[in-house]
Every structure is written in C-alpha cells, then in structure tokens.
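Working notes, structure below.
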Amino acid sequence: MPMFTRRAFGAGLLAAPAITTLSAGATLAAAHATPKAAPAMFDAPLGAYRITALFDGMAGLAKGFFSGPDQGEIDAALAAGGITGDALPAPVTAFLLQSDDRTILIDAGMGAVDILGPGFGRTFDALAALGITTDDVDTIIVTHAHPDHIGGMIGGDGAIFANAEVIISEVEFGFWGDAGMMAQAPEEAQGLFQIAQTMYASYADRVRPVADGTEVAPGITMQLVPGHTPGHAALSIDGGDQQLMMIADTIHNSVLHLALPDTRFGFDVDSAQAAASRRALLDQISADKMLVAGSHLPFPGFGRVVTSGDAYAYVPASWM
Ligand SMILES: [Zn+2]
C-alpha cells in the first residue's frame, strides 16, 4: 500500500499546477520555444527501430528532495560527481521509436503543465524538426503518469495526439484513476491525480492498460519497476545485437542514485520500494550488459551501468 506522506509528493511544490488552454501541438511548440534554443535531439539505430532522444526541458531538483540515513554521505557523493550547488540537474527526455510502419513515443514531456518552471515542452520542437506531426504518432507508451511524462499529451481541447493509442501499466492506470486513493492523498498530490485523470479522459477508449510483462509493440516489453509510482514501468527493447532498457525514472540523478542506490527521493510514492526496485533493475542491466536510456539521465540519456562494490556507476554510451 503506498504511503501518503506530505514528503512523499514533494510538499508544496505541486500545489495547483496549471494546465494552460493551448489547443494544438504546434501552438504548444510556439509557446514553449525558448528564445534562441534550437531543438535538441539525438538518434541511433536500434534493431528494427531508430531511437531518438527528444529534449523536453531542464529541471533543477532541490537537494532537499534527496535524503538518506547519512546526509554527509550524500553530500560527498554529489561532490565527487562535481555537483556542489543546491539543485541537482534533471533533464526531462522523451524518446521516439520509428520503424518502417510505426511511430511510437515513449512519454511526451511536460507540455504546457507548469510545475517545474518555464522552458519545457520542447519535445514538440524536436518532433517538428524531424518533420513529425502529432497526428503521425500511432502509439504513446507511458512509463508512469507523472506530469513530466504525460503533460505533453494534454491541452485545452483534450488529446494532443489525435491518432495515438496510449499504453500504460494497468497498476499505474488504476492508481491515479482511483477516487478513494485520491481522497487519501495529501493536498499537494491532488494536482497529480487531476493531470492523470485529465489524460485518461482526453484519450478515453484509446487508453490500453496492460499487465506486467506485456509485449506492447514489436520487440518492446513492459517491465514494472514499482515504487516511484505504484505502476512505474521500464521498457525492454529488443534491438537485435543490442538490448536496451528504458529505465524511465528509476534514476533521478546519475551520480547519486548509482553511488547510493537507497537514497530516497521526495517524489516517490514509496521510497523503500523504489530503492529495492532500483537495485534489482540495476543488477539486471549490469549483469546483462544492456544499454540504458533514462528520462532524467544526462541528455541524450543513453549509457551503461556497471557495478562498483555494493553500488553502481553510470557510463555514458559511446556506441554510436
Ligand atoms: Zn520524471
């Protein structure tokens, strides 16, 4: 059972998120284009697919959201990774998978939801630069229903992606849609439920909740990594000679969460479960020598994980 504490949802930060009344992806792109900022993306072959990292925006996560039994250890780990300020850099990255007959988005960025400040929604700039319209996207695989992953799916008129089927774990779908769960949640979390429910209503019968282990598209299998949210999911992608695990929010900081994997994060619904899931997934990825892609890894978010004693280390990919 998730533990609802004020801390669990980042007390205060999430009060009254605003969804603006913009109505189309193109308008969103215009509204969010940072002056003089070119679209940022990076692509590489992956079996039958081409995978492209789409930069949505950059958040600074307050150091106070990360906690553990020994704060000195956390400070030392961050300092060793060159992070000395009060905010930990957290890029928000969505991923595009294209094959001969499929155009799949993995998450859609923050869009017009205003929680972490300005400068988000650049996923749309990147899609436009690739010549892809929101109508071209046939599938959106949602790793979890937090606003930096689904905000880009919704606008004033409802669904931004007119033709996309939306795939989400059935656990995640049920949790954020549960009125009883919402009633128990603290004030600060109400906006998260509202955003998830707005997305559900916007896509209605185009939402397909799936069980853990489902192959959600050719060669793409959902694997639950619960804790950050109850149905938070990774995606294992068969790239032929390269296997990739899209780990979503298993790692919020590539220095801290690998050096000290049990570090709690303020936006986790259940931090202890998230830590256990993190260790299990990192063990699997490092043992199988998989490529990883992550929503909040240093852009473009591709790398590998190696073990280091009782902990791990992140090595940015050099395979392209
Ligand atoms: Zn996230």
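Residue indices begin at 1 and follow the sequence shown.
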Donor-acceptor side-chain pairing of [X] and [Y] below 3.5 angstrom:
X	Y	result
His228	Asp270	no
Asp238	Gln243	yes
Asp268	His252	no
Thr103	Asp136	no

Okay, side chain of [X], backbone of [Y]: is any donor-acceptor separation there less than 3.5 Å?
X	Y	result
Thr263	Ser67	no
Tyr203	Phe161	yes
Gln190	Gln194	no
Thr214	Val216	no
Ser277	Pro226	yes
His296	Ala90	no

Could you check Asp249 against His232 for side chain to side chain donor-acceptor pair (under 3.5 Å), going step by step and ending with a plain yes or no? CA-CA 8 Å; Asp249 282 24; His232 174 258; 5.0 Å; no
Is the ring pair Phe42/Phe302 parallel, tilted or perpendicular, if the boundaries are 30 and 60 degrees?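 Taking Phe302 first and then Phe42, their aromatic rings sit tilted (interplane angle of 30° to 60°).
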So Phe66 and Phe265, would you call those rings parallel, tilted or perpendicular, with 30° and 60° as cut-offs?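 Rings of Phe66 and Phe265: tilted, as their planes differ by 30° to 60°.
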Using the rule that Ile, Leu, Val, Met, Phe, Trp and Tyr join whenever any side-chain heavy atoms are under 4.5 Å apart, tell me whether Val142 and Val113 fall into a single cluster.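 Yes: a chain of side-chain contacts under 4.5 Å links Val142 to Val113.
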Are [X] and [Y] within salt-bridge range, i.e. N to O under 4.0 Å?
X	Y	value
Arg279	Asp310	yes
Lys63	Asp75	yes
Asp56	Arg122	no
Glu165	Arg206	no

Less than 6.0 Å separating the ring centroids of Tyr49 and Phe95?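 No, the ring of Tyr49 stays outside the 6.0 Å limit from the ring of Phe95, centre to centre.
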Hydrophobic cluster (4.5 angstrom, side-chain heavy atoms) - remaining members for Val171: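 Leu224, listed by chain and number.
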